[in-house]
Amino acid sequence: MSVFDYTLKELQEKLHNKEITVSELVNASFDQIAAVDGDVKAFLTLNEEAARAQAKELDEQVESADNPLFGIPLGVKDNMVTKGLRTTCASQILDNFHDPLYDATVVEKLAKENTVTIGKLNMDEFAMGSSNENSSYEGTRNPWNTDYVPGGSSGGSAAAVAAREVFFSLGSDTGGSIRQPAAFCGVVGLKPTYGLVSRFGLVAFASSLDQIGPITKTVEDNAHLLQAIVGHDPMDSTSANVAIPNYSDALKQDVKGLKIAVPKEYLQEGINEEVKTAVMSALKVYEDLGATWEEVSLPHSRYAVAAYYLLSSSEASANLARFDGVRYGVRSENAKNMIDMFKHSRSEGFGDEVKRRIMLGTFALSSGYYDAYYKKAQKVRTLIKNDFEKVFEDYDVIIGPTTPTPAFKVGEKVDDPLTMYANDILTIPVNLAGVPGMSIPCGFNEQGLPIGLQIIAKHFDESMIFRTAYAFEQATDHHKQRPALGGAK
Amino acid sequence: MAEISKDQVRHVAHLARLAITEEEVETMTQQLGDIIHYAELLNDLDTNNVEPTTHVLDLKNVMRKDEPRKWIEKEDALKNAPDHKNGQFRVPSILE
C-alpha cells in the first residue's frame with residue numbers, strides 16, 4: 001500500500017500518531033514526480049526547496065495539527081497566483097512571471113491549513129481548451145494511457161492526482177474545466193456554485209462563469225478540501241455571502257427516497273454507447289440504494305455551447321486586455337511605438353486558441369453586433385438557467401454523463417475548434433446556470449479509460465452533491481482503480 | 001446576420017490590439033465565420049420577452065468603503081515590469 005491510498009482523515013491520524021511524517025509525504029510526492037512526470041507532464045513549476053523546508057517545520061508541530069489538510073502535498077493550477085512562485089497560465093506572455101506579488105485567496109486559505117504547495121500545474125493556455133493541447137508548453141498526457149489527452153483545461157490538476165503526484169489539487173472550471181478532466185482521468189472534481197469560492201487571484205478568463213474547485217481521489221477528501229476554500233471574500237465583489245454548512249455531515253446521509261432527474265438531452269445521439277451504459281449502471285446502483293429516477297428535459301441544452309462561446313469569449317476579450325507588455329509579462333522587442341508594442345507583445349505571447357477567442361469576443365462586443373450576438377447569448381443564458389430551476393422544483397439532483405465520450409487521442413480534435421467545443425456540451429449548461437456540478441468515476445471503457453458521472457444540484461446545495469456522490473462511491477469500487485503511472489501493478 | 005469579411009477581421013484585430021499576418025487573416029476569416037455561423041443557431045429562439053442574464057446570483061452593486069489602505073509597495077509593483085525608470089513603467093514613445 002502506498003501513502004497515496006490513504007484518505008485525508010487517515011493521513012491526519014497517521015501524522016498524529018507519528019506513523020508517518022510530513023517530510024515523508026512531501027518526499028513521496030517529489031519521488032513520484034521524478035518517476036512519472038516526464039511522461040505525464042503535469043507540472044510547469046516545482047516548489048521543491050520551499051516545500052521540503054516547510055515539511056520540516058510542520059513536522060515539529062504535528063501535535064497541534066487540527067485539520068485533515070495539515071501537511072498534505074497539493075498542486076495548484078497555474079492560473080492562480082502564488083506569491084513569489086512563477087505563475088504562467090501556460091502562456092508565453094507570462095513565461096517570465098517569476099515573482100507574483102500576492103497569493104490568491106484560495107492559496108492563502110490553504111496556507112492557513114498548513115498544506116504544502118508542491119508546484120504549479122499545466123493547463124490549456126488561459127484555461128481555454130478541453131485537452132491541454134493548448135498549453136504553450138508540452139501538453140499534459142492522460143496517466144491511464146499517454147496516447148490520450150487528460151482533458152482540460154485543468155488537465156494537469158486532474159492528471160497529477162490520478163498519477164499520485166499530489167494528494168489533491170485545485171482546478172478552475174469555466175465550461176467544464178474541472179469536471180471534464182476529472183472524468184477523463186478517473187478522479188473526483190467539483191465545480192462549486194458560482195460565487196461560493198473567491199476568485200481573487202484567479203487569472204480571469206470569463207468572470208461571470210469562472211469558479212475554482214477541488215480535485216481529489218475520493219468524495220470524502222473533496223468535501224474536506226472544499227470546506228477549506230469556501231467563504232465570503234471582500235476582495236471578490238462577486239463572492240457570495242452565504243452560510244457555509246459542514247460538508248462532511250452530508251456524507252452521513254443515505255440516498256433513500258432521493259429524487260433523481262436524468263435529462264434526456266444528456267443521453268441522446270452523440271453520446272458514446274459505453275458512456276451511456278456506465279451511466280445506466282450507475283442509475284441502477286442508485287435504485288438499489290433506494291433512490292428513484294425519472295427522465296426530464298432541459299430543452300435549451302442544445303443552445304448552450306453557442307451561447308457559452310459568445311459570452312465567455314466576450315468576457316475573455318475584455319479580461320485579457322491587461323496583458324499588454326507594460327506592467328508584467330513578456331514585451332516584444334519588435335515594436336516602434338506603443339500601440340505597435342501592445343500588438344506585437346500580444347501576438348507573440350498568445351497562442352492560436354487564445355487569439356481566436358479574443359477575436360470572437362471583440363467581434364461579438366463590437367459596435368453593431370452587440371445586440372445580435374452578446375445580448376442574444378445573455379438572453380439564451382436566462383432560458384438555460386430557467387430549465388435547471390424548473391427541474392429542481394421537483395427533483396433533488398440531476399445525474400448524467402460528464403462528457404459525451406471518454407478521453408480522445410492526442411491530436412484527434414486539435415484542428416477543428418467546433419468539434420473540440422462540442423466536447424463540453426454536457427458541462428457548459430451548469431456554468432451558464434451557475435449551479436454546482438461534480439464528476440465522479442463510474443466505470444471504464446473497453447480500452448480501460450475512465451468514464452465520469454456528473455451530479456448537479458441547485459445553487460449552494462453542494463451538500464446534496466456530496467451525499468449523492470458518496471453513496472455511489474461507497475457502493476462501488478471505480479475510485480479505487482488506478483492507472484499504471486499511478487502505481488497500479 | 002452577415003458573413004464576416006477579411007476587412008472585418010483586420011478591423012477586429014486592430015480593436016483587440018493583435019498584429020495578424022495575411023495568412024492569419026485567411027484562417028481567422030474562415031474559423032470565425034464557422035463559429036459565427038454556428039452561433040446563428042440561437043436565432044431559432046424567440047427571446048423578445050426574455051431578460052438577459054449578466055450574473056447568476058442576485059447581487060446588486062457591491063460597494064466597499066472608500067478609504068486608503070496599505071497594499072503593495074511601488075518597488076514591488078515595478079519588479080515584474082519589462083522596463084521602468086524613476087519609479088514608473090516605461091513604454092516606447094507614443095509618437096513616432
Side-chain angles (χ1 to χ4, degrees), chain A residues 96-102 194-195 208 234 237-238 240 300 302-303 306-307 309-310 317 321 324-331 335-344 346-347 350 355-356 358-360 362-363 366 372-373 375-383 385 417-418 432-434 459, chain B residues 1-2 4 8-9 11-21 24 27-28 31-32 34-45 47-59 61-64 71-73 76-84 89-96:
Chain A
N96 64 356
F97 192 38
H98 289 285
D99 207 356
L101 303 182
Y102 57 88
Y194 180 82
S208 80
S237 63
T238 60
H300 297 96
R302 62 186 293 253
Y303 303 101
Y309 277 93
L310 289 172
S317 73
D324 56 6
V326 175
R327 290 149 300 154
Y328 46 78
V330 173
R331 175 183 293 188
K336 293 187 288 288
N337 59 45
M338 191 169 70
I339 300 290
D340 217 35
M341 186 276 284
F342 294 155
K343 285 186 176 180
H344 284 281
R346 291 163 63 77
S347 291
F350 291 141
K355 283 187 222 176
R356 192 152 47 229
I358 290 174
M359 291 284 288
L360 175 64
T362 307
F363 173 74
S366 67
Y373 295 105
K375 202 164 182 189
K376 179 82 187 181
Q378 285 189 315
K379 289 179 166 192
V380 174
R381 183 174 185 181
T382 304
L383 297 174
K385 186 174 173 245
L418 281 172
L432 291 173
H459 289 125
Chain B
M1 295 184 201
I4 189 162
Q8 272 176 300
V9 167
H11 174 63
V12 168
H14 172 69
L15 292 178
R17 298 294 186 259
L18 289 169
I20 57 172
T21 63
E24 284 173 312
T27 32
M28 285 278 187
Q31 289 178 334
L32 287 183
D34 286 351
I35 298 169
I36 294 291
H37 179 71
Y38 172 66
E40 313 235 321
L41 174 73
L42 301 185
N43 290 330
D44 293 355
L45 293 169
T47 52
N48 278 328
N49 299 313
V50 180
E51 286 297 312
T53 295
T54 51
H55 197 278
V56 288
L57 303 179
D58 201 20
L59 285 174
N61 288 340
V62 178
M63 311 293 254
R64 59 164 169 77
W71 184 229
I72 47 183
E73 301 293 333
D76 287 334
L78 289 166
K79 70 185 175 185
N80 287 295
D83 194 8
H84 61 93
F89 298 114
R90 187 156 79 163
V91 295
S93 71
I94 293 169
L95 303 168
E96 280 178 61

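Per chain, numbering begins at 1; letters A, B, ... match sequence-line order. Scope of the values below: all heavy atoms of this structure, side chains included, with no hydrogens, waters or symmetry mates. Please read these numbers as outputs of a predicted model, since none were measured by experiment.
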Chemist: Just do the side chain to side chain contact (heavy atoms under 4.5 Å, CB included) check on Tyr373(A) and Ile36(B) with the steps written out, would you?
Modeler: CA-CA 9 Å; Tyr373(A) 295 105; Ile36(B) 294 291; 3.2 Å; yes
Chemist: Quick one: of Phe342(A), Tyr303(A), Tyr309(A), who has the most non-hydrogen atom pairs under 4.5 Å with chain B?
Modeler: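 So the answer, after comparing Phe342(A), Tyr303(A), Tyr309(A), is Tyr303(A).
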Chemist: Which atoms form the tightest heavy-atom contact between Leu57(B) and Tyr194(A), and what is the distance?
Modeler: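 Reported closest heavy-atom pair: CD1-O, 3.2 Å.
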Chemist: Pair Met338(A), Val91(B) - check side chain to side chain contact (heavy atoms under 4.5 Å, CB included), show working.
Modeler: CA-CA 6 Å; Met338(A) 191 169 70; Val91(B) 295; 3.5 Å; yes
Chemist: Using a cut-off of under 4.5 Å on heavy-atom pairs, state which of Met341(A), His459(A), Arg356(A) scores highest against chain B.
Modeler: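 That would be Arg356(A).
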Chemist: Is chain A contacted by the side chain of Leu41(B), its backbone, both, or neither, given a heavy-atom distance below 4.5 Å?
Modeler: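 Both parts, heavy atoms under 4.5 Å.
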Chemist: Within this structure, what is the CG-CG distance for the pair Asp99(A) and Asp76(B), rounded to the nearest 0.5 Å?
Modeler: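 Atom-to-atom, Asp99(A):CG and Asp76(B):CG are 8.0 Å apart.
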Chemist: So what's closer than 4.5 Å to chain A heavy atoms on Asn48(B): side chain, backbone, both or neither?
Modeler: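 Backbone only.
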Chemist: Quick one: which of Asn61(B), Ile20(B), Asp44(B), Leu78(B) has the most heavy-atom pairs under 4.5 Å with chain A, could you say?
Modeler: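 Among the listed options, the one with the most contacts to chain A is Asp44(B).
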Chemist: As a test of understanding, state which of Lys379(A), Gln378(A), Lys375(A) forms a side chain to side chain contact (heavy atoms under 4.5 Å, CB included) with Thr47(B).
Modeler: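 Result: among Lys379(A), Gln378(A), Lys375(A), Lys379(A) is the only option passing the side chain to side chain contact (heavy atoms under 4.5 Å, CB included) with Thr47(B).
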Chemist: Quick one: does Thr382(A)'s side chain have a donor or acceptor within less than 3.5 Å of a partner on Glu51(B)'s backbone?
Modeler: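 Looks like yes, one N/O pair under 3.5 Å.
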Chemist: Do you know the tightest heavy-atom contact between Ala16(B) and Arg346(A)?
Modeler: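 Looks like O-NH2, 3.0 Å.
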Chemist: Can you tell me how far apart CE (Met359(A)) and CD (Glu24(B)) are? Round to the nearest 0.5 Å.
Modeler: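 Met359(A) CE to Glu24(B) CD: 9.0 Å, rounded to 0.5 Å.
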Chemist: Among Leu383(A), Thr362(A), Leu432(A), single out the residue with the greatest number of heavy-atom pairs under 4.5 Å to chain B.
Modeler: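 Most heavy-atom pairs under 4.5 Å with chain B: Thr362(A).
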Chemist: For chain B, which of Ala321(A), Ser237(A), Ser317(A) has the most heavy-atom pairs under 4.5 Å?
Modeler: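 Looking at each option in turn, the highest pair count goes to Ser237(A).
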Chemist: Under the 3.5 angstrom rule, does the side chain of Asn80(B) hit a backbone N or O of Gly329(A) as a donor-acceptor pair?
Modeler: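 Such a contact is absent between Asn80(B) side chain and Gly329(A) backbone.
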Chemist: Classify the ring geometry of Tyr102(A) against Trp71(B): parallel below 30°, tilted from 30° to 60°, perpendicular beyond 60°.
Modeler: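 Correct class here is tilted.
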Chemist: If you compare all heavy atoms of His55(B) against all heavy atoms of Thr238(A), which two are closest, and at what distance to 0.1 Å?
Modeler: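 Heavy atoms only, the tightest pair is NE2-CG2, 3.6 Å.
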Chemist: Under 4.5 Å heavy-atom distance to chain B, tell me which part of Leu360(A) shows up: side chain, backbone, both or neither.
Modeler: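 Backbone plus side chain of Leu360(A), per the 4.5 Å heavy-atom cut-off to chain B.
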Chemist: Count the heavy-atom pairs under 4.5 Å between each of Thr21(B), Leu32(B), Val12(B), Val62(B) and chain A, then report the option with the highest count.
Modeler: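 Most heavy-atom pairs under 4.5 Å with chain A: Val12(B).
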Chemist: What heavy-atom pair brings Gly325(A) and Pro82(B) nearest, and what distance separates the two atoms?
Modeler: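 Here Gly325(A) and Pro82(B) meet closest at O-CG, 3.3 Å.
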Chemist: What residue in Leu101(A), Val380(A), Ile339(A) has the most heavy-atom pairs under 4.5 Å with chain B?
Modeler: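 That would be Leu101(A).
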Chemist: I need the residue from Ser347(A), Gly434(A), Ser366(A), Ala433(A) with the largest number of non-hydrogen atom pairs under 4.5 Å to chain B.
Modeler: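 The residue among Ser347(A), Gly434(A), Ser366(A), Ala433(A) with the greatest pair count is Ser347(A).
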Chemist: Determine, step by step, whether Lys343(A) and Leu18(B) satisfy the side chain to side chain contact (heavy atoms under 4.5 Å, CB included) criterion, reporting the C-alpha distance in whole Å, the side-chain angles of both residues, the deciding distance to 0.1 Å, and the verdict.
Modeler: CA-CA 4 Å; Lys343(A) 285 186 176 180; Leu18(B) 289 169; over 6 Å; no
Chemist: Let's go through Phe363(A) and His11(B) carefully: what are the C-alpha distance in whole Å and the side-chain angles of both, what is the deciding distance for side chain to side chain contact (heavy atoms under 4.5 Å, CB included) to 0.1 Å, and is it a yes or a no?
Modeler: CA-CA 9 Å; Phe363(A) 173 74; His11(B) 174 63; over 6 Å; no
Chemist: Find the distance between CG (Asp83(B)) and CZ (Arg327(A)) and round it off to the nearest 0.5 Å.
Modeler: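 It is 14.5 Å, given to the nearest 0.5 Å.
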Chemist: Let me know if His300(A) has heavy atoms under 4.5 Å from chain B in its side chain, its backbone, both or neither.
Modeler: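 The side chain, not the backbone.
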Chemist: What part of Lys355(A) gets within 4.5 angstrom of chain B, counting heavy atoms only: side chain, backbone, both, or neither?
Modeler: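 Both parts, backbone and side chain.
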Chemist: Could you report the tightest heavy-atom contact between Lys376(A) and Leu45(B), atom names first, then the distance?
Modeler: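 Of all heavy-atom pairs spanning Lys376(A) and Leu45(B), the closest is NZ-O, 2.8 Å.
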Chemist: Show the nearest heavy-atom pair for residues Arg331(A) and Pro92(B), with the distance to one decimal.
Modeler: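 Of all heavy-atom pairs spanning Arg331(A) and Pro92(B), the closest is NH1-CD, 4.0 Å.
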